[in-house]
Amino acid sequence: MSGRLYALTGFSPSGAEYKGYDNRRYNRLTENWVVFRVESEYRLSCNWDFSWRWDYATGCPYTPLDTVASRMHNHALFDIHRINDARLPDYHSLSIRAERHFRFRGSSLPLYLSIMNLYNRKNVAGYIWKNESNTVDEINQLPFLPVVGMGYEF
């Protein structure tokens, strides 16, 4: 914190795996090699705050679908020879927020407007099998999302 400006950076490298019954090592589903965050807040006055946050993470492991076998049987079948061997695309997102505090004796009422995923990036959360078309489809996380809210602090 420096006067009216607050900034924070976090970096977390990791590796996580487990040993299966077959004595092979597999990646954990939640294993990101890198997670990185930068955030900052600027206090314009005692009643106004503006902040932003940028998140980045390498893609998590997943077991890909066996598309040939899935097409033959017309339902999702995983490639059991590639357990957690593929990786989702890297994730990143920018969020911004403006907050106005209405202050009373011993309490305050903050109202805020946030915009999550400001640049509307399609972050892939996973893949599903679509029986209707016999194809693999992406499941995306939330797109550009405005959020209005309020709280009460005492």
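The figures that follow rest on heavy atoms only: side chains count, while hydrogens, waters and symmetry mates do not.
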Exercise for review: For Trp54 and Phe36, run side chain to side chain contact (heavy atoms under 4.5 Å, CB included): C-alpha distance rounded to whole Å, both residues' side-chain angles, the deciding distance at 0.1 Å, then the answer.
Suggested key: CA-CA 8 Å; Trp54 185 73; Phe36 180 69; 3.7 Å; yes

Counting N and O atoms only, with roles assigned by atom type, does the side chain of [X] sit under 3.5 Å from a partner on the main chain of [Y], one being a donor and the other an acceptor?
X: Asp66; Y: Asp79; answer: no
X: Asp137; Y: Ile128; answer: no
X: Asn117; Y: Leu142; answer: yes
X: Arg37; Y: Thr9; answer: no
X: Thr58; Y: Val34; answer: yes
X: Asn32; Y: Ser14; answer: no
X: Ser108; Y: Pro110; answer: no

Can you tell if the side chain of [X] reaches within under 4.5 Å of the side chain of [Y], non-hydrogen atoms only?
X: Lys19; Y: Arg24; value: no
X: Ser40; Y: Leu5; value: yes
X: Ser107; Y: Tyr152; value: yes
X: Trp129; Y: Asn134; value: yes
X: Leu94; Y: Trp52; value: yes
X: Met150; Y: Leu109; value: yes
X: Lys122; Y: Gln141; value: no
X: Thr67; Y: Val136; value: yes

Exercise for review: Apply the test ring pair (Phe, Tyr, Trp, His ring centres under 6.0 Å) to residues His101 and Tyr112: give CA-CA distance (whole Å), side-chain angles for both, the deciding distance (0.1 Å), then the verdict.
Suggested key: CA-CA 9 Å; His101 291 264; Tyr112 63 87; 9.8 Å; no

[atom2] on [Y] to [atom1] on [X], rounded to 0.5 Å:
X: Leu113; Y: Arg97; atom1: CG; atom2: CZ; value: 9.5 Å
X: Cys46; Y: Arg103; atom1: SG; atom2: CZ; value: 5.5 Å
X: Leu8; Y: Arg53; atom1: CG; atom2: CZ; value: 11.0 Å
X: Ser45; Y: Asp49; atom1: OG; atom2: CG; value: 8.0 Å

Check your understanding: Can Glu99 and Arg43 be counted as an ion pair, charged N to O under 4.0 angstrom?
Key -> no

Practice item. Determine, step by step, whether Cys60 and Leu29 satisfy the side chain to side chain contact (heavy atoms under 4.5 Å, CB included) criterion, reporting the C-alpha distance in whole Å, the side-chain angles of both residues, the deciding distance to 0.1 Å, and the verdict. Key: CA-CA 6 Å; Cys60 290; Leu29 287 175; over 6 Å; no

Review point. Would you call the rings of Trp48 and Phe50 parallel, tilted or perpendicular if under 30° counts as parallel and over 60° as perpendicular?
Key: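 Correct class here is parallel.
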
Check your understanding: Which word best sums up how the rings of Tyr127 and Tyr62 line up, parallel for under 30°, tilted for 30 to 60°, or perpendicular for over 60°?
Key -> tilted

Do you know the tightest heavy-atom contact between [X] and [Y]?
X: Ile83; Y: Thr63; value: CA-OG1, 3.4 Å
X: Asn131; Y: His75; value: OD1-CA, 3.4 Å
X: Pro61; Y: Asn27; value: CG-CB, 3.6 Å

Exercise for review: With Arg28 as the cation and Tyr26 as the aromatic partner, state whether NZ or CZ is under 6.0 Å from the six-membered ring centre and within 45° of the axis.
Suggested key: no

Hey, quick one: are [X] and [Y] part of the same hydrophobic cluster, counting side-chain heavy atoms closer than 4.5 Å, chains of contacts allowed?
X: Ile96; Y: Val38; value: yes
X: Phe104; Y: Leu111; value: yes
X: Tyr56; Y: Ile115; value: yes
X: Val68; Y: Phe78; value: no

**Study point:** Chi angles and distances behind the salt bridge (Lys or Arg N to Asp or Glu O under 4.0 Å) call for Arg87, Glu31
**Key:** CA-CA 10 Å; Arg87 293 229 168 230; Glu31 190 244 2; 2.4 Å; yes

